Amino acid sequence: MKSIFYRLTVWILLLVVWLLLISSIQLQEVIAGVVISLLIVLMPLPNLSVFRYIRYTPKRILYSIIFLGVFLWEVFKSNIDVALRVIKPIIPIRPGIVKVKTHLTSPFGRLALANAITLTPGTITVDIIDEYLYIHWISVEAEDVDQATEKIVSNFEKYLEVIFG
Amino acid sequence: MVLEILGALIALIGSLFLLLASIGIIRMPDTYNRMQAGTKASTLGSLLFFLGIGLGHSGLWGKLLVLSLFVLITNPLSSHVLARALHFIGKSPLLVGYDSRDDLADDMNQMEEL
């Protein structure tokens, strides 16, 4: 029963991407998309179980939208930040790798967190070992793990904790 | 007409960010920092470019939406993998003359000792 639900999710996802790509509502193209994505979904899909972390409750959807807004704003800020660093005569950097701690356990949550960190000001996720993320920081401004966690992770984690549980 | 001009302006700002990203790749002192410039400034550059094109040609919205989603997902992923591989082969992120630290190398050394 669960498997059918996951396959339905994949089918809708594929169909939405197809409809966005053709961006026209001609009947034969839509029918082709429906049939082909249905065929793909009916094939054996080994990693369907990752979908068990995704649930659709109003609270989660609301937090996803808020997270998207926060995320895009951070992307904007980080781009300005890096662009300004680049054009200064002496580049203001103090590079290093710091360790931060995360409470997230689901793979999707960690993926979203790692990607969000990479796209925010001056940080790239280098590695994940157990519950620690190792982050390359263009100008290190924290002395220990707690301080770095507070500065880098906590802003996103409070949303991702609700979204992916 | 107004929309087209607005779109062209936004695309111009986007390409400015792409230019800054490439200047950053040349100016930064080591590979990690080059990656910082290459990942970040180019993300906003591409997104603004897509937005500008979308305003000029309204028929392309769907494709551009899918494209920007893929850029947002794959751009950080690829730079993460590059940074990880770079650290794995032993390149230190520390620069001569800057006071900083490398937690990952410290932890790796600790694990090897155990």
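Residue numbers start from 1 in every chain, and the chains themselves are labelled A, B, ... in the order their sequence lines are given, proteins ahead of strands. Just so it is clear, the model here is predicted, and its values are computed rather than measured. Computed over heavy atoms, backbone and side chain alike; hydrogens, waters and symmetry mates excluded.
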- Item | Part of A/V98 within contact of chain B (heavy atom distance under 4.5 Å) | both
- Note on the structure: residues 10-26 of chain B vs chain A, non-hydrogen distance cutoff under 4.5 Å, contacting residues -> B/F17, B/L20, B/I23, B/G24
- Message: With a 4.5 Å cut-off on side-chain heavy-atom distances among I, L, V, M, F, W and Y, is there a chain of contacts connecting A/V75 to A/I65?
- Response: no
- Query: Between A/I124 and B/A83, which heavy-atom pair has the shortest distance, and what is it?
  - Reply: CG2-CB, 4.0 Å
- Of A/L72, A/V17, A/L21, A/D127, the largest count of non-hydrogen pairs under 4.5 angstrom with chain B goes to A/D127
- Rounding to 0.5 Å, atoms CD1 (A/I117) and NE2 (B/H80) come to a distance of 11.0 Å
- Item | ILVMFWY network linking A/I36 to A/V10, side-chain heavy atoms under 4.5 angstrom | yes
- Per-residue contact mode, A/F71 against chain B (heavy atom under 4.5 angstrom): side chain
- Select one option (side chain, backbone, both, neither) describing which atoms of B/H87 are under 4.5 Å from chain A's heavy atoms. side chain
- Establish whether B/L9 and B/L48 are linked, either directly or via other cluster members, by ILVMFWY side-chain heavy-atom contacts under 4.5 Å. no
- Contact summary for B/Y32 and A/H136, nearest pair of heavy atoms: CB-NE2, 3.3 Å
- Item | Cluster link B/F88 to B/L82, ILVMFWY, side chain under 4.5 Å | no
- Note on the structure: Taking every heavy atom of A/T118 against every heavy atom of B/S79, the minimum-distance pair comes out as CG2-OG, 3.5 Å
- Pairs of heavy atoms under 4.5 Å with chain A: top-ranked of B/D30, B/L69, B/N33, B/V66: B/N33
- Query: Rounded to the nearest 0.5 Å, how far apart are CZ of B/R84 and CD1 of A/I128?
  - Reply: 9.0 Å
- Message: Counting heavy-atom pairs closer than 4.5 Å to chain A, which one of B/L65, B/T39, B/I73 comes out on top?
- Response: B/I73
- Kindly work out whether a path of hydrophobic side-chain contacts (I/L/V/M/F/W/Y, heavy atoms less than 4.5 Å apart) joins A/L27 to A/V34. no
- Query: Should the heavy atoms of other residues, nucleotides or ligands under 6.0 Å from CZ of B/F49 be counted, would the total exceed 12?
  - Reply: no
- Give, as side chain, backbone, both or neither, the part of B/L72 having an atom under 4.5 angstrom from any heavy atom of chain A. both
- Heavy-atom distance under 4.5 Å to chain B: side chain of A/L19, backbone, both or neither? neither
- Query: If we only count heavy atoms from C-beta on, is the A/V86 to B/M28 side-chain gap below 4.5 Å?
  - Reply: yes
- Contacting moiety of B/L44, where chain A heavy atoms sit under 4.5 Å: both
- Message: Looking at B/R27 and A/K88, would you say the former's side chain and the latter's main chain have a donor-acceptor pair under 3.5 Å?
- Response: yes
- Query: Just how far is it from atom OG1 of A/T123 to atom CD of B/Q36, taken to the nearest 0.5 Å?
  - Reply: 6.5 Å
